[in-house]
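Below you'll find the structure, written out as structure tokens, and then a few comments.
The model shown is predicted, which means the values in this text are computed figures rather than measured ones.
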Amino acid sequence: MFESDLYDQKHIQHQTSVALTVFAVGRYLDAYLKTFLTSAEQHFMLGLKVTYYVFTDLPEKVPSIELAPNRNVKIMQVEKHSRWQDISMMRMKTISDAIESEIHHHCNYVFCFDVDQEFKGRFGSEALGDSVVLLHAWYYNAPKYKYTYDRNPRSKAFMETGDYYYHAAVFGGLLEKVKNLTDYCFLNIMEDKLNNVEALWHDESHLNKYFWINKPSRLLSPEYCWDQVIMEKRDINVMRLIWAPKDYVGLRP
């Protein structure tokens, strides 16, 4: 699909640096973080300067992992919210604040990930772009009427139609583009709260609305975040990132 060496040479030449943000709050830290970070060290943006920004309410429990040269971990303490939905939605403000206060000093790209995932293959510089979003594994091959956009006209995330259905487990791009996205989502989430509305899929619903209005420059195929439960996978020749087994009952407060 692409010549990986050409992408790598370009970004090494331009001294590209990438921030990876991940939230490991509550029980999610013990369940997923070590696997996520150790697998990222094996597959994520190899050859480039990478800083992992781990947002957690339990900084003392972040595991120590062996890092390659030019790669480091920064632990950022965050408040633990009582509802997992609020954790999910408030990460948009946290990412925006971190870009402004910290990340812009060290990196020119940022990728934002859910922690309950594991890297299995190259997730490299070919995925970088101005504004990058992922086609959802469960919907990329489905007819549009099945897309689970927010259908409530009272919500700022309301959509009647769209181009694709995007998965908020992976998104990224240039710092200013990601900040624009996270600011948009946070402001609309807060406006919904004032109106006693909550979007169907929380920050993911607002992310889909943002990319309907502001078209992304790069779409990642579902091989960049695949759910192995899906039996129909004739299009998926490589699994670069996979969903970890979900235990919503045991992990979500």
Side-chain angles (χ1 to χ4, degrees), residues 1-8 18 20-24 28 31-47 50 84 88 109 111-129 131-151 159 161-173 200-205 207-212 215-252:
M1 297 296 290
F2 55 82
E3 182 54 61
S4 58
D5 288 344
L6 295 178
Y7 286 96
D8 288 345
V18 184
L20 183 159
T21 72
V22 64
F23 285 72
Y28 276 71
Y32 298 118
L33 183 60
K34 187 171 184 179
T35 296
F36 178 87
L37 291 175
T38 54
S39 65
E41 270 301 282
Q42 296 170 355
H43 300 292
F44 181 74
M45 302 293 165
L46 300 186
V50 172
W84 68 265
S88 174
Y109 288 91
F111 257 96
C112 309
F113 289 88
D114 285 354
V115 71
D116 50 350
Q117 307 181 103
E118 181 178 356
F119 292 89
K120 288 293 190 179
R122 173 190 166 93
F123 197 120
S125 59
E126 75 286 344
L128 295 172
S131 180
V132 184
V133 69
L134 171 81
L135 298 177
H136 198 296
W138 281 92
Y139 296 105
Y140 83 100
N141 224 2
K144 284 189 177 183
Y145 74 87
K146 290 189 175 181
Y147 293 174
T148 55
Y149 298 135
D150 189 279
R151 307 293 186 181
M159 293 177 66
T161 187
D163 296 315
Y164 304 99
Y165 190 82
Y166 304 121
H167 194 178
V170 180
F171 61 91
L200 177 63
W201 292 114
H202 315 105
D203 57 339
E204 184 170 273
S205 295
L207 177 140
N208 270 275
K209 180 66 171 287
Y210 176 86
F211 282 117
W212 171 234
K215 306 303 185 188
S217 67
R218 180 153 302 187
L219 294 180
L220 298 183
S221 88
E223 71 190 47
Y224 283 86
C225 186
W226 184 252
D227 186 356
Q228 295 183 100
V229 173
I230 301 172
M231 300 302 295
E232 176 51 66
K233 53 187 177 184
R234 60 188 170 189
D235 301 327
I236 308 301
N237 296 310
V238 181
M239 295 182 193
R240 304 178 186 279
L241 181 71
I242 61 168
W243 299 24
K246 311 298 183 185
D247 178 19
Y248 296 136
V249 174
L251 295 175
R252 288 177 173 175

Shortest non-hydrogen contact between [X] and [Y], atoms and distance:
| X | Y | result |
| --- | --- | --- |
| Asp150 | Leu200 | OD2-N, 2.7 Å |
| Gln117 | Cys225 | OE1-SG, 2.8 Å |
| Tyr145 | Arg151 | O-NH2, 4.4 Å |
| Pro216 | Leu219 | CG-CD2, 3.8 Å |
| Phe111 | Ala127 | CZ-O, 3.4 Å |
| Gly162 | Met159 | CA-CE, 4.0 Å |

[atom1]/[X] to [atom2]/[Y] distance, rounded to the nearest 0.5 angstrom?
| X | Y | atom1 | atom2 | answer |
| --- | --- | --- | --- | --- |
| Thr35 | Asp116 | OG1 | CG | 11.5 Å |
| Arg240 | Leu220 | CZ | CG | 9.5 Å |
| Ile230 | Asp235 | CD1 | CG | 11.0 Å |
| Met45 | His43 | CE | NE2 | 13.5 Å |
| Phe23 | Asp114 | CZ | CG | 10.0 Å |
| Asp5 | Glu126 | CG | CD | 11.0 Å |

- Message: Using the rule given for ring-ring contact (aromatic ring centres under 6.0 Å, His included), can you reason through Tyr32 versus Tyr28, listing the C-alpha separation, both sets of side-chain angles and the distance that settles it, and then say yes or no?
- Response: CA-CA 6 Å; Tyr32 298 118; Tyr28 276 71; 5.6 Å; yes

- Query: What's the verdict on ring-ring contact (aromatic ring centres under 6.0 Å, His included) for His136 and Trp201, showing C-alpha distance, side-chain angles and the deciding distance?
  - Reply: CA-CA 13 Å; His136 198 296; Trp201 292 114; 8.7 Å; no

- side chain to side chain contact (heavy atoms under 4.5 Å, CB included) assessment of Tyr224 paired with Leu135: CA-CA 9 Å; Tyr224 283 86; Leu135 298 177; over 6 Å; no

- Task: Take the angle between the ring planes of Phe44 and Phe119 and call it parallel below 30°, perpendicular above 60°, tilted in between.
- Result: tilted

- Message: Taking Gly173's backbone N and O only, do any of them form a donor-acceptor pair with Ser131's side chain (distance below 3.5 Å, no angle check)?
- Response: no

- Within the distance-only criterion (no hydrogens, no angle test), does the side chain of Glu118 pair as donor or acceptor with the backbone N or O of Lys120 below 3.5 angstrom? no

- side chain to side chain contact (heavy atoms under 4.5 Å, CB included) between Glu204 and Tyr165, worked out: CA-CA 10 Å; Glu204 184 170 273; Tyr165 190 82; 2.7 Å; yes

- Message: When you compare the side chains of Tyr147 and Asn208, does any donor N or O come within less than 3.5 Å of an acceptor on the partner?
- Response: no

- Item | Worked check of side chain to side chain contact (heavy atoms under 4.5 Å, CB included) between Tyr139 and Thr148 | CA-CA 9 Å; Tyr139 296 105; Thr148 55; 3.3 Å; yes

- Query: Given the rule in the side chain to side chain contact (heavy atoms under 4.5 Å, CB included) test, do Lys215 and Asp163 qualify, once you have shown the distances and angles that lead to the verdict?
  - Reply: CA-CA 9 Å; Lys215 306 303 185 188; Asp163 296 315; 2.7 Å; yes

- Message: Ring centroids only, cut at 6.0 angstrom: are Phe113 and Phe123 within range, meaning strictly under it?
- Response: yes

